[in-house]
Amino acid sequence: MANWWKEAVAYQIYPRSFKDSNGDGIGDLNGITEKLDYLEDLGIDLIWICPMYKSPNDDNGYDISDYQQIMAEFGTMEDFDRLLAGVHERGMRLIIDLVVNHTSDEHPWFLESRSSRDNPKRDWYIWRDGRNGAEPNNWEGIFKGSAWEFDPLTEQYFLHLFTCRQPDLNWENHDMRAAVYDMMRWWLDKGIDGFRIDAIAHMKKEPRLADVPNPDKLRYAPSMKSHLNYDGLLDYVDDMSRNVLKHYDIVTVGEMNGLFADRAEEWVGEHRNRLSMVFQFEHVRLWEPEEGLRPEPAVLKKIFTAWQEALEGKGWNALYVENHDLTRITSRWGDTEHHWRESATCIAALYFLMQGTPFIYQGQEIGMTNTRFGGIEDFDDVSAKNMWRELAAQGRSEEEIIAFLTNTGRDNSRTPMQWNTWPNAGFSDGEPWFQVNANYEMINVATQQQDPNSVLNFYRALIQLRRQERTLIYGRYALELPQHEQIYAYRRELAEDTFLVLCNMSSKAANWSEIELSLKGAHCVLGNYPQVDEDYRLHAWETRVYRF
Ligand code: TEU
Ligand code: CA
């Protein structure tokens, strides 16, 4: 079934790091509005902005203290309305982050909830008695340490899967749900075009909150089993859909760690009235703690193909390789040392032309890379700091910890957007809240706009191509050269029309034979090398798109 959001190309903005409009060093809503022409010109149809709500910023806005106010550092509600109007005037759409697994500990709901054991909102969060003077169970939080925090006022513990300043909402409580639904309707009635639903995978908790198995006798044990895609979670989604989502023509994308292709249809099946798409995690966490490493093409083929096939004719994929929680893709999968431009563009073609709605994370379109950290003072992310503490306690050296966080840390993708060669990469006239990547004079928007062979212009070409060709939007995906160790190849087919996408995912040349995959009757419509030298041979990180 055709849908506007299936035809869209989406762009994710991390407001703090996108564009500072008033010189205080912090990106803001007016900064985004300033750059709408840039996004329109790039060919973007749909913008997702990360949380811009009132927040004490314990987790950069993912700890919300008022869902209906704008963070002062980012501007005002009038600025938001202007941004939304600017997006709509350009024929684009805007979705916002719905963070309702938890709130900030400064949210009035939590202030009430913690005020006494018999407060009417007590049950809006998850409170339990301690056990022998310690936490109610042995769960470790996602950001390390216990998932529980003691509150001396009422002498009980509250659950927090993320930081101790992000108490989890209790989705079993229907009054709480109703309040969340009111808030969602308020935004939808304002005219936003949908939500990216944060940490939706964690909303349902194992009802008994029992200890998790702990064979290694850790103080706190990994607790995902008890709250990641836990049985019954879809009942919450159905309730949210029935009460809010299905009454609007919107797009929804659930952040769904813990979902695998075999059950994807239950979440995004066309007739299920649940979510439009999910961000699955299989290809980005392949699977901790080596998540910073480059995967073999065989692994990627298996994962992507499973998702493509599972949803063919039944549902729709969200396609992405970067976001604000991940390292930069060219650093992670590519070769920034010898083939920065080629690997950035090759990876772009690889994921972008599959069946689904492609998302581009700010800076990905210019091939931004991971940054360099000297010491703990260079990190901002609360999860990196917690991880530092944890690894130090395990006796790991400072060098080892820095190496680990350099390969995995979320701060890599949160350095300011690199606009031009001016001081601070043109991000801000003031002192940026977070250090700009030292390579900005080489990697930036202005320079790449002048260069027809830039990563930016390759993204632009990809977007144009997808926009013109229905086959690249709705066509069926089929894997080619399944056994090839370097080349990822796939076809897209709609009726008589066929495209072939070839990506050499390695820093060495790669060959294949005409018998394995023939190019007869094909012509190259896009590539990342100046010309096609030899038909059955790809240079390092070469990509070509053929049409038959
Ligand atoms: O991330 C949540 C998130 O990444 C988990 O869903 C995931 O299962 C976990 O990290 C696996 O290790 C979102 C936001 O994207 C992130 O920036 C926030 O810090 C987090 O929620 C808390 O709101
Ligand atoms: Ca600012």
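Order of listing sets the numbers, starting from 1, for every ligand and every atom in it.
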His227 contact mode with ligand 1 (heavy-atom cut-off under 4.0 Å): neither
Cationic N near anionic O, under 4.0 Å, Arg274 to Glu266: no
Proximal ligand 1 atoms for Arg410, defined as those under 4.0 Å from one of its heavy atoms: 16 (C), 17 (O), 18 (C), 19 (O)
Parallel, tilted or perpendicular, as decided by the 30° and 60° cut-offs, for the rings of Trp109 and Tyr67: tilted
Plane angle bin for His283 and Phe304 - parallel if under 30°, tilted between 30 and 60°, otherwise perpendicular: tilted
side-chain hydrogen bond (donor to acceptor under 3.5 Å, both in side chains) involving Trp388 - partner list, sequence neighbours excluded: none
Close-contact set for ligand 1 against His102 heavy atoms, below 4.0 Å: 22 (C), 23 (O)
Pi-cation contact, Trp148 with Arg128 (under 6.0 Å, within 45°): no
Atom indices of ligand 1, in the order listed, that fall short of 4.0 Å to a heavy atom of Asn257: 7 (C), 8 (O), 9 (C), 11 (C)
Within reach of ligand 1, part of Phe279 (heavy-atom separation under 4.0 Å): neither
Ligand 1 atoms in contact with Met224 (distance to a heavy atom under 4.0 Å): 11 (C), 12 (O)
Where ligand 1 meets His324 - atom numbers and elements under 4.0 angstrom, heavy-atom basis: 14 (C), 15 (O), 16 (C), 17 (O)
Basic-acidic side-chain contact under 4.0 Å: Asp231, Lys204: no
Carboxylate-amine/guanidinium proximity below 4.0 Å for Asp325 and Arg285: no
Trp5 vs Ile250 side-chain heavy atoms within contact, under 4.5 Å: no
In the protein, N/O/S atoms that are found under 3.0 Å from the Ca ion (ligand 2), waters not counted: Asp20 OD1, Asn22 OD1, Asp24 OD1, Ile26 O, Asp28 OD2
Under-4.0 Å salt bridge between Asp238 and Arg272: no
Over 12 foreign heavy atoms within 6.0 Å of CH2, Trp186: yes
Proximity of Arg414 to ligand 1 by residue part, where a heavy atom lies under 4.0 Å: side chain
contact_flag Met256 ligand 1 heavy-atom lt 4.0 Å: no
